2 protein chains.
Amino acid sequence: MYWGYRESFLCIRLSFVGVGAEQRLLTLLSYFNSFVTRTNTCGELRSAHVGQEVTLYGWIQYQRQGLFLVLRDFQGLTQIIIPQDEAHSHVKKLLSNAPVESVVRVTGTVSLRPPGQENPKMPTGDIEVKVETAEILNSCKKLPFEIKDFIKKTEALRMQYRYLDLRSFQLQYNLRLRSQIVMRMREYLCNLHGFVDVETPTLFKRTPGGAKEFLVPSREAGKFYSLPQSPQQFKQLLMVGGLDRYFQVARCYRDEGSRPDRQPEFTQIDIEMSFVDQAGIQRLIEGLLQYSWPEERGSITTPFPSMTYEEALADYGTDKPDTRFGMKIVDISDFLRRSDIQFVQNALSYPRGTVKAICIPQGVVMLRQECITTDAVCDTTFMEHSFPGWYSSNFPDSKIAPSHSPPSLLQCSALGSLRLESADLLEAAGLVLRNPTVFHFLWVVDFPLFLPKEENPTELESAHHPFTAPHPSDTSLLYSDPTKVRSQHYDLVLNGNEVGGGSIRIHSAEQQRFVLEKVLKEDSEVLSHLLEALEFGAPPHGGIALGLDRLISLIVDAPSIRDVIAFPKSFKGRDLMGNAPDYVTPEELEPYHIQVSWPLAEKEAKKT
Amino acid sequence: MYWGYRESFLCIRLSFVGVGAEQRLLTLLSYFNSFVTRTNTCGELRSAHVGQEVTLYGWIQYQRQGLFLVLRDFQGLTQIIIPQDEAHSHVKKLLSNAPVESVVRVTGTVSLRPPGQENPKMPTGDIEVKVETAEILNSCKKLPFEIKDFIKKTEALRMQYRYLDLRSFQLQYNLRLRSQIVMRMREYLCNLHGFVDVETPTLFKRTPGGAKEFLVPSREAGKFYSLPQSPQQFKQLLMVGGLDRYFQVARCYRDEGSRPDRQPEFTQIDIEMSFVDQAGIQRLIEGLLQYSWPEERGSITTPFPSMTYEEALADYGTDKPDTRFGMKIVDISDFLRRSDIQFVQNALSYPRGTVKAICIPQGVVMLRQECITTDAVCDTTFMEHSFPGWYSSNFPDSKIAPSHSPPSLLQCSALGSLRLESADLLEAAGLVLRNPTVFHFLWVVDFPLFLPKEENPTELESAHHPFTAPHPSDTSLLYSDPTKVRSQHYDLVLNGNEVGGGSIRIHSAEQQRFVLEKVLKEDSEVLSHLLEALEFGAPPHGGIALGLDRLISLIVDAPSIRDVIAFPKSFKGRDLMGNAPDYVTPEELEPYHIQVSWPLAEKEAKKT
């Protein structure tokens with residue numbers, strides 16, 4: 001049962017500390033056992049400890065016939081031998097009757113296991129502890145599920161009893177590694193590069209277009225705070241305030257209703273620097289990730305490759321390409337000009353008409369049925385053509401999407417989805433295309449500064465946010481043709497996931513006002529404090545934010561960000577353990593001058 | 001103007017890093033200048049740099065007659081010599097015309113100042129930089145106040161232009177020191193003692209009696225999240241989850257309406273440990289503070305002294321005694337038994353009647369007028385007797401408060417207030433009683449577990465919170481006479497301010513249920529998840545929380561916690577810079593199913 005337990009956590013930490021052997025030993029001795037009466041953790045004892053009297057605290061993982069038990073704590077497992085002699089009958093009774101997951105203290109002597117009974121898979125597998133005294137500190141009632149990683153349980157149950165799920169190896173590992181990575185990041189920023197950790201408010205006011213911001217009613221009638229989506233304004237104001245280098249592990253809030261694998265509160269490594277350019281921020285982040293990267297996950301090489309937004313769309317059909325595998329989008333127009341397929345010729349006859357394709361080298365492993373699935377993907381995304389199966393005879397290894405307009409986001413993204421879908425299918429068929437233990441970082445740069453609004457394409461909106469500075473080469477276009485302006489925004493992509501994004505900001509009040517009022521046609525009044533701040537000698541500045549939850553989930557290869565958060569919300573934003581959000585009484589709403597507007601259906605239900 | 005500028009910040013940091021001289025030098029060179037094009041900060045150049053070409057970025061602190069200027073950044077000041085020759089006329093024009101607080105880049109050569117012009121008060125006072133090229137990066141419009149520490153401005157103005165106030169030496173110093181102290185605390189907890197930094201949710205549900213919790217409407221009609229006052233429940237659940245050692249620099253929320261020197265959001269160093277006792281937590285915290293204590297503030301000695309709640313009340317009339325000075329409360333009943341003052345005799349005739357006093361050794365410096373003031377203090381607090389001036393003839397150095405019931409909180413606290421008030425008066429008269437650079441830490445222990453409710457003294461409420469464990473010697477009293485039970489709560493007091501508090505928690509579900517239901521008569525349903533968690537093998541555990549804002553403000557001797565927070569709210573909970581909280585439109589409230597209940601007066605005002 002316990003022999004599958006993986007290597008203890010201590011190793012992770014020691015590799016981080018990076019100290020000499022002697023100090024390591026010292027650390028090993030005092031690290032986890034300071035300020036408490038245990039002598040050792042359950043993952044610590046080795047043959048070198050034989051003969052020592054030890055006191056351990058932990059949970060009963062397993063107990064067999066009153067003969068022995070396995071004691072577990074956050075660091076590992078130790079085999080405990082229950083005494084069988086008359087003098088210890090009380091101890092035997094205690095330990096034999098304690099339910100699994102009860103928490104106990106045992107004191108006893110470390111002995112070598114009898115020859116042949118060592119367990120090489122267990123770090124403490126050479127020894128066992130012969131109990132002298134024991135105490136049941138708290139008994140455990142019947143569990144809703146077993147605390148074993150390989151026992152499957154529904155996520156709802158795991159979240160309801162999160163405190164039990166936290167005892168699993170995997171969650172302990174994820175949370176501890178997260179803590180250590182963040183600590184290393186802090187060391188890099190704060191101790192090595194002079195960044196100042198500044199806490200910024202989370203009770204602020206609504207930002208323009210901040211539809212996803214939670215509201216917090218205040219005691220002033222009609223006035224609300226807002227929980228910001230990021231400390232964007234504050235970090236820029238800190239630069240105006242001469243802080244020079246700011247960072248914060250910042251709690252951010254986003255109310256998106258129900259969305260899978262999003263959390264209403266999340267954490268970002270938030271960074272801002274004065275007098276810096278795009279390359280400066282990129283080198284900083286590469287250094288940061290290299291410094292904090294856990295040894296056990298291999299090493300990463302820097303600088304990270306860079307790709308323009310245009311290249312990313314053209315080659316991968318997405319602005320966050322997974323560059324762990326090929327199957328790039330290629331233009332096969334020239335090749336097809338010789339063909340006599342009517343709708344292809346049709347497409348090519350348009351001005352700048354092209355036909356693009358991806359080549360799936362091992363596509364033959366895909367079954368006919370799966371090809372139909374990918375057709376559906378392509379159809380749904382593309383919504384223009386369907387090409388029922390003809391290519392399977394012409395190009396058995398390829399997928400083709402004809403195009404009758406300049407390469408646009410829509411067409412490329414159809415092929416981009418197809419590429420990922422095909423990778424899924426190939427992997428389902430047994431090929432490894434995207435090894436989760438391989439880490440491909442990528443900068444995507446030169447985004448457009450503005451995009452047409454989805455609901456009204458004649459109007460423009462910021463591709464990222466209104467504070468992003470235009471590309472230095474495109475500044476004059478801002479006033480003549482803003483749709484053509486590239487921005488100084490950069491995204492950091494890891495294995496096809498956006499894990500960070502940032503930009504050089506506008507530091508000229510005049511330019512900022514022009515963008516807000518003339519290009520975006522927004523009321524700049526709500527940002528008057530920021531606009532005014534830019535007039536008081538604001539330095540040039542830029543920054544970035546890394547999505548910590550996503551980054552850690554990729555590092556530990558967790559299926560969801562919920563696996564790297566101690567107390568996550570369900571995809572509907574609920575806390576299933578504590579039952580939040582919850583009803584409150586009208587009296588509790590009174591000081592905030594609000595009342596509930598019950599939807600009619602609920603009003604009716606309440607009546608009956 | 002600039003010669004009063006204090007020692008540069010770099011020194012603080014280096015004393016923290018605690019590395020060898022060689023590494024210090026290396027750090028000095030790269031620390032603040034990585035990833036940017038400046039070669040040095042404005043606080044860095046010394047005579048050793050003479051002859052080097054340097055590039056500096058900073059703000060114009062002062063400019064004189066086109067001859068020289070003083071450039072400032074976060075680290076210090078450098079004198080810049082403006083070239084006067086024809087070839088540099090452009091540079092001269094630029095720099096002479098740039099308003100104060102404009103942000104500039106200058107490149108030039110470091111030279112020794114002419115003999116006799118060195119400024120020994122300025123770290124860079126031996127050198128000056130002869131400009132070759134310069135660039136105005138952003139101009140500054142007319143300032144609402146000068147960026148100089150000694151210029152007085154109203155706090156409202158400082159908060160409205162917080163980004164300008166942040167440029168002051170004092171705020172830069174406070175925020176940077178805060179960042180460094182917290183970093184050291186993290187190193188101590190995370191790297192030296194195996195604590196895991198775990199982030200807990202801030203969107204949770206209302207706790208019983210959580211009248212001070214902000215509400216956050218959710219998209220489910222009638223359901224609200226709550227912003228918790230501390231991660232109390234989560235940290236206990238982490239212990240149930242086997243995390244063993246948790247810490248977090250936790251954002252907490254408390255809606256108290258208007259209260260001076262309180263903030264609606266604040267930060268605590270939040271700690272919890274399994275298998276620990278009160279002494280264990282106390283030693284941990286003493287080590288933590290000693291390790292993170294800034295060198296420039298002297299050193300602190302451990303262990304900290306300890307005092308029971310009863311002693312604190314009897315000797316100092318408060319549960320947070322300022323032990324930097326004497327003037328303890330003494331019982332003078334025996335002495336006064338021989339007197340013939342009628343109301344004193346009266347008081348002493350009651351069962352256990354006592355007369356208490358404080359002796360003010362240098363009380364003669366207090367003027368008659370001030371004695372009247374202290375009378376008022378005493379009267380207001382005490383509200384039972386006034387003793388108009390008779391003691392001034394009898395005991396010119398003392399204040400006496402007669403008492404006709406057992407020493408109670410009320411009487412002692414009257415004398416406690418009098419003691420502090422007298423200290424104020426003595427210090428106003430020029431004596432130093434409470435040196436702010438002397439740090440007296442003190443543990444106050446053995447608090448009562450329950451107190452009579454203020455509004456209904458026949459009912460009990462928790463003196464701290466319902467999860468506090470009873471003192472081991474008093475456990476049986478819990479069931480017989482709960483008013484007599486002492487708790488395992490401990491407060492950490494620094495110079496008369498509560499800077500932390502914690503306790504060993506109840507880990508038995510049965511005991512916790514008894515406290516909630518039988519003693520406190522509360523509905524335990526809202527805490528059912530916690531009660532249930534205790535039944536699944538919860539380990540014995542305890543913890544503490546330090547109020548970071550208050551602690552830092554005492555360390556830097558700031559008059560208010562607002563001086564150690566980058567963007568504080570006013571005492572009415574307003575952000576004067578961004579104007580939060582603010583009105584939102586009814587449409588924005590719609591997704592949250594709430595509407596504003598306008599008070600009548602506002603409704604009327606809105607109409608007109």
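Labels below follow one simple rule: chain letters A, B, ... track the order of the sequence lines, proteins then strands, and each chain is numbered from 1. In this text the structure is predicted, and so the values were computed from the model without any measurement.
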Per-residue tally against chain B (heavy atom, under 4.5 Å) across Met273(A), Glu590(A), Arg574(A), Glu101(A) peaks at Arg574(A)
Whatever's closer than 4.5 Å to a heavy atom in chain B on Ser274(A) counts as backbone
Heaviest contributor of heavy-atom pairs below 4.5 Å to chain B, chosen from Pro99(A), Ala98(A), Ala580(A), Cys140(A), is Cys140(A)
Bottom line for Glu587(B): the part with an atom under 4.5 Å from chain A's heavy atoms is neither
Whatever's closer than 4.5 Å to a heavy atom in chain A on Leu576(B) counts as neither
Honestly, the part of Leu227(B) sitting under 4.5 Å from a heavy atom of chain A is side chain
Whatever's closer than 4.5 Å to a heavy atom in chain A on Ser218(B) counts as side chain
ask   = According to the interplanar angle, ranging from 0 to 90°, do the rings of Trp598(B) and Tyr583(B) count as parallel (below 30°), tilted (30 to 60°) or perpendicular (above 60°)?
value = tilted
| message | Do Arg162(B) and Leu171(B) make a side-chain contact, defined as non-hydrogen atoms from C-beta onward lying under 4.5 Å apart? | response | yes
From the list Leu530(A), Val596(A), Val240(A), Asp255(A), the residue making the most non-hydrogen contacts under 4.5 Å with chain B is Asp255(A)
Checklist entry - Going by an N to O cut-off under 4.0 Å, is there a salt bridge joining Glu265(B) and Lys569(B)? => result yes
Point to revise | Geometric class of the Phe214(A)/Tyr225(B) ring pair [parallel <30°, tilted 30-60°, perpendicular >60°] | key: perpendicular
* To do: List the steps and the verdict of side chain to side chain donor-acceptor pair (under 3.5 Å) for Arg245(B) and Ser34(A).
  => CA-CA 11 Å; Arg245(B) 296 176 169 216; Ser34(A) 45; 3.2 Å; yes
Honestly, the part of Pro217(B) sitting under 4.5 Å from a heavy atom of chain A is both
Parallel, tilted or perpendicular: which one describes the rings of Phe234(A) and Phe567(B), with boundaries at 30° and 60°?
tilted
Applying a strict 4.5 Å limit to non-hydrogen atoms, the region of Tyr253(B) in contact with chain A is side chain
Turns out that what part of Leu243(B) lies under 4.5 Å from chain A's heavy atoms comes down to both
Okay, Arg251(B) and chain A: the region with an atom under 4.5 Å from a heavy atom over there is side chain
So for atom NZ, which belongs to Lys141(A), do other residues, nucleotides or ligands contribute more than 12 heavy atoms lying within a distance under 6.0 Å? yes
Cut-off 4.5 Å, heavy atoms of chain A, and the answer for Glu532(B) is both
If one checks every heavy atom of Leu238(B) against chain A at 4.5 Å, the contacting part turns out to be both
Bottom line for Arg38(B): the part with an atom under 4.5 Å from chain A's heavy atoms is side chain
Cut-off 4.5 Å, heavy atoms of chain B, and the answer for Val36(A) is both
When the 4.5 angstrom heavy-atom criterion is applied to Tyr592(B) and chain A, the contacting part is side chain
Practice prompt. Could you walk me through whether Tyr163(B) and Gln236(A) pass the side chain to side chain contact (heavy atoms under 4.5 Å, CB included) test, one step at a time?
Written response: CA-CA 9 Å; Tyr163(B) 44 87; Gln236(A) 292 195 238; over 6 Å; no
Residues at least two apart in sequence or cross-chain that pass side-chain contact (heavy atoms from CB on, under 4.5 Å) with Gln595(B), listed by chain then number, are Gln595(A), Ser597(A)
TODO: For the residue pair Phe275(A) and Tyr57(B), categorise the inter-ring angle as parallel (less than 30°), tilted (30 to 60°) or perpendicular (more than 60°).
DONE: tilted
Given Leu166(A), Ile147(A), Leu215(A), Leu175(A), the one with more heavy-atom pairs under 4.5 angstrom with chain B than any other is Leu215(A)
Side-chain touch Val526(B)/Thr207(B), heavy atoms, less than 4.5 angstrom: no
With chain B, the option among Val182(A), Asp277(A), Asn579(A) that has the most non-hydrogen atom pairs under 4.5 Å is Asn579(A)
Looking only at Gln233(B), Arg283(B), Glu199(B), the option with the highest number of non-hydrogen pairs under 4.5 Å against chain A is Glu199(B)
Checklist line | Residues Asp197(A), Arg186(A): salt bridge by 4.0 Å N-O rule | finding: yes
Answer key: most heavy-atom pairs under 4.5 Å with chain B among Gly280(A), Pro201(A), Ser102(A) is Pro201(A)
Where does the angle between the aromatic ring planes of His529(A) and Phe204(A) fall among parallel (under 30°), tilted (30 to 60°) and perpendicular (over 60°)? perpendicular
If one checks every heavy atom of Asp582(B) against chain A at 4.5 Å, the contacting part turns out to be both
